[in-house]
Amino acid sequence: QVPLIESGGGQVQTGGSLRLSCVASGRNFRFYALGWFRQAPGKEREFVAATGWTAGDRYYADYSDSVKGRFTISRNATDTIYLQMNDLKPEDTAVYYCAADMNNLKAPTLVDYWGKGTLVTVSS
């Protein structure tokens with residue numbers, strides 16, 4: 001059973017947009033940090049964006065420097081998170097993985113749950 005299922009990947013031209021979705025099921029993810037990592041061929045998996053709460057239950061949204069101003073993460077009240085990706089560049093080409101963790105998504109090696117990934121290809 002896969003608790004995180006991504007969708008929305010595809011191929012777009014430089015400057016185009018895609019919207020990724022991730023449905024979380026089989027667990028109560030209400031208070032988990034939920035977000036996205038990506039991994040390009042020959043590179044390590046890297047953080048993209050996350051939503052969650054601090055230890056004091058204060059909401060936050062975080063982005064990597066490479067996507068700030070172009071990507072927007074959001075979540076509904078129950079089980080789905082989204083990643084709106086605008087002004088896509090060839091360097092955004094990667095497999096995008098949905099991720100969930102009880103604490104945070106700062107360390108990929110400590111992530112509790114991973115989706116299987118959805119491929120985003122940006123052509124020049």
Side-chain angles (χ1 to χ4, degrees):
Q1 184 178 6
V2 180
L4 305 176
I5 302 177
E6 307 97 331
S7 63
Q11 183 172 355
V12 298
Q13 294 182 333
T14 298
S17 298
L18 285 172
R19 184 174 176 85
L20 306 183
S21 299
C22 174
V23 178
S25 62
R27 297 287 189 280
N28 183 1
F29 291 102
R30 175 66 177 85
F31 298 107
Y32 277 63
L34 300 172
W36 300 88
F37 288 76
R38 67 186 182 186
Q39 188 166 19
K43 299 186 66 177
E44 296 182 350
R45 190 167 299 187
E46 65 175 353
F47 171 78
V48 177
T51 63
W53 293 263
T54 68
D57 290 331
R58 301 182 67 179
Y59 173 84
Y60 71 87
D62 194 23
Y63 301 89
S64 67
D65 289 340
S66 63
V67 306
K68 285 182 179 178
R70 299 188 298 120
F71 292 9
T72 303
I73 190 170
S74 61
R75 66 194 296 176
N76 67 11
T78 54
D79 61 355
T80 306
I81 62 171
Y82 307 92
L83 186 68
Q84 179 66 45
M85 305 185 294
N86 297 326
D87 192 25
L88 284 162
K89 305 175 181 180
E91 52 263 43
D92 295 317
T93 295
V95 176
Y96 284 71
Y97 296 92
C98 186
D101 191 89
M102 177 62 76
N103 298 308
N104 59 67
L105 296 175
K106 294 180 180 179
T109 56
L110 300 178
V111 170
D112 292 334
Y113 300 99
W114 292 103
K116 289 188 175 182
T118 184
L119 178 63
V120 172
T121 302
V122 185
S123 59
S124 60

Smallest separation among heavy atoms of [X] and [Y], with atom names:
X	Y	value
Pro90	Ser124	CG-CB, 4.2 Å
Ala33	Asn103	CB-O, 4.1 Å
Ala100	Leu4	N-CD1, 3.7 Å
Tyr63	Thr72	OH-CA, 3.5 Å
Val122	Thr93	N-OG1, 2.9 Å

With a 4.5 Å limit on heavy-atom distance, are the side chains of [X] and [Y] in contact?
X	Y	value
Asp112	Tyr32	yes
Leu83	Val48	yes
Lys106	Phe47	no

Just do the side-chain contact (heavy atoms from CB on, under 4.5 Å) check on Leu105 and Val111 with the steps written out, would you? CA-CA 6 Å; Leu105 296 175; Val111 170; 3.9 Å; yes

Flag the pair Phe37 / Trp114 as yes when their ring centroid distance falls below 6.0 Å, and as no otherwise. yes

Are Phe29 and Tyr113 near enough that their ring centres are under 6.0 Å apart? yes

For residues 40-55, pull every pair meeting salt bridge (charged side-chain N to carboxylate O under 4.0 Å, His left out), keeping only residues two or more places apart or in separate chains. Arg38-Glu46

Between atom [atom1] of [X] and atom [atom2] of [Y], what is the distance when rounded to the nearest 0.5 Å?
X	Y	atom1	atom2	result
Ile73	Asp62	CD1	CG	9.0 Å
Ser7	Tyr82	OG	OH	9.0 Å
Tyr96	Gln39	OH	CD	12.0 Å
Trp36	Ser64	CH2	OG	14.0 Å

Please tabulate, one pair per line, all N/O donor-acceptor pairs under 3.5 Å involving side-chain atoms of residues 9-20, not counting sequence neighbours.
residue	atom	partner	partner atom	Å
Thr14	OG1	Ser123	O	3.0
Ser17	OG	Asn86	OD1	2.9
Arg19	NH1	Gln84	OE1	3.4

State whether the side chain of Asn76 and the backbone N or O of Asp79 hold a donor-acceptor pair below 3.5 Å, judged by distance alone. yes

Okay, side chain of Glu6, backbone of Lys116: is any donor-acceptor separation there less than 3.5 Å? yes

Sorted by first residue and then second, give each disulfide bond (SG atoms under 2.5 Å apart) pair with at least one member in residues 75-124; sequence neighbours left out. Cys22-Cys98

With a 4.5 Å cut-off on side-chain heavy-atom distances among I, L, V, M, F, W and Y, is there a chain of contacts connecting Tyr97 to Leu119? yes

Does Lys89 come within less than 4.0 Å of Asp92, counting only side-chain N to carboxylate O? no

